Amino acid sequence: NGNDAFVDIYPNPVISGGELKLIFNSTDKGLAMFSIFDLSGRKVFEKNILSSVQTQSVMLPLLSAGMYESVVSYDGGRVHRKLVVNRARE
């Protein structure tokens with residue numbers, strides 16, 4: 001689908017409880033929803049974001065280390081990204 005370039009996330013891997021940046025290259029001026037799901041499909045995080053702001057920071061909760069699916073849902077559809085969470089440094 002042509003929406004793949006709509007959003008990028010970094011750093012990836014990200015540290016549990018750390019800051020994740022969402023980069024938008026969209027002319028969409030609406031609200032979007034950023035969600036993170038574990039591999040069993042359980043939603044572990046959700047935040048409303050403005051897709052009109054090109055770079056946004058999201059502070060993640062403390063998540064178990066592992067692979068997650070991040071989803072940005074917006075008027076034009078949804079973008080899925082694999083997200084790797086590393087254990088917080090001691």
Side-chain angles (χ1 to χ4, degrees):
N1 64 19
N3 296 331
D4 262 8
F6 172 76
V7 63
D8 206 4
I9 57 175
Y10 80 91
N12 188 5
V14 64
I15 299 294
S16 179
E19 181 182 42
L20 193 65
K21 289 199 185 302
L22 307 177
I23 314 297
F24 294 93
N25 62 358
S26 167
T27 55
D28 185 50
K29 297 289 186 249
L31 274 171
M33 178 70 74
F34 177 65
S35 308
I36 299 176
F37 298 87
D38 65 17
L39 290 184
S40 68
R42 188 174 57 100
K43 186 182 295 178
V44 295
F45 180 74
E46 184 174 80
K47 182 176 173 61
N48 283 310
I49 51 178
L50 280 172
S51 57
S52 56
V53 178
Q54 195 161 25
T55 302
Q56 292 196 51
S57 295
V58 174
M59 290 306 294
L60 295 181
L62 286 172
L63 298 170
S64 300
M67 179 79 77
Y68 292 83
E69 178 90 14
S70 68
V71 179
V72 177
S73 304
Y74 61 103
D75 277 349
R78 51 180 40 204
V79 176
H80 296 256
R81 290 278 185 264
K82 294 284 185 215
L83 179 65
V84 177
V85 173
N86 285 340
R87 197 164 53 93
R89 294 185 183 97
E90 298 301 319

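Model, not experiment: these values are computed from the prediction. Below, all heavy atoms of this structure are taken into account, side chains as well, without hydrogens, waters or symmetry copies. For reference, positions follow the sequence shown, starting with 1.
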Legend entry - salt bridge (charged side-chain N to carboxylate O under 4.0 Å, His left out) contacts in which one or both residues fall within residues 10-23, not counting sequence neighbours: Glu19-Lys21
Inset, instruction - Starting at OG1 of Thr55, measure out to CG of Leu22 and round the result to the nearest 0.5 Å. - result: 9.0 Å
Legend entry - Side-chain heavy atoms of Tyr68 within contact of Phe45, under 4.5 Å: no
Legend entry - Check: Met33 and Val72 side chains under 4.5 Å, non-hydrogen atoms: no
Inset, instruction - Find the distance between CD1 (Ile15) and CZ (Arg87) and round it off to the nearest 0.5 Å. - result: 9.5 Å
Legend entry - same_hphob_cluster(Val44, Leu60) at 4.5 Å side-chain heavy-atom cutoff: yes
Legend entry - With sequence neighbours excluded, residues passing salt bridge (Lys or Arg N to Asp or Glu O under 4.0 Å) with Lys47: none
Inset, instruction - Can you establish whether the number of heavy atoms outside Gln54 located under 6.0 Å from its atom CD is more than 12? - result: no
Inset, instruction - Tell me yes or no: between the side chains of Ser73 and Arg78, is some donor less than 3.5 Å from an acceptor? - result: yes
Legend entry - Student check: side-chain heavy atoms of Ile9 and Ser70 closer than 4.5 Å: yes
Legend entry - Qualifying salt bridge (charged side-chain N to carboxylate O under 4.0 Å, His left out) pairs with a residue from residues 56-67, counting only residues at least two apart or across chains: none
Legend entry - Whether Asn12 side chain and Lys82 backbone form a donor-acceptor pair below 3.5 Å: yes
Legend entry - Rounded distance (nearest 0.5 Å) linking atom CZ of Phe37 with atom CD of Glu46: 7.0 Å
Inset, instruction - Nearest 0.5 Å please: distance from the OG atom of Ser16 over to the CG atom of Leu63. - result: 5.0 Å
Inset, instruction - Would you check if Tyr74 and Leu31 make a side-chain contact, meaning some heavy-atom pair closer than 4.5 Å? - result: no
Inset, instruction - Step by step, work out the side-chain contact (heavy atoms from CB on, under 4.5 Å) result for Leu20 and Leu83. - result: CA-CA 10 Å; Leu20 193 65; Leu83 179 65; 4.1 Å; yes
Legend entry - Side chain proximity check, Asn48 to Phe34, heavy atoms < 4.5 angstrom: no
Inset, instruction - Can you measure from CG (Asp38) to CD (Glu69) and round to the nearest 0.5 angstrom? - result: 11.0 Å
Inset, instruction - Specify the closest pair of heavy atoms between Leu39 and Met67, including all atoms of both residues, with the distance to one decimal. - result: CG-O, 3.4 Å
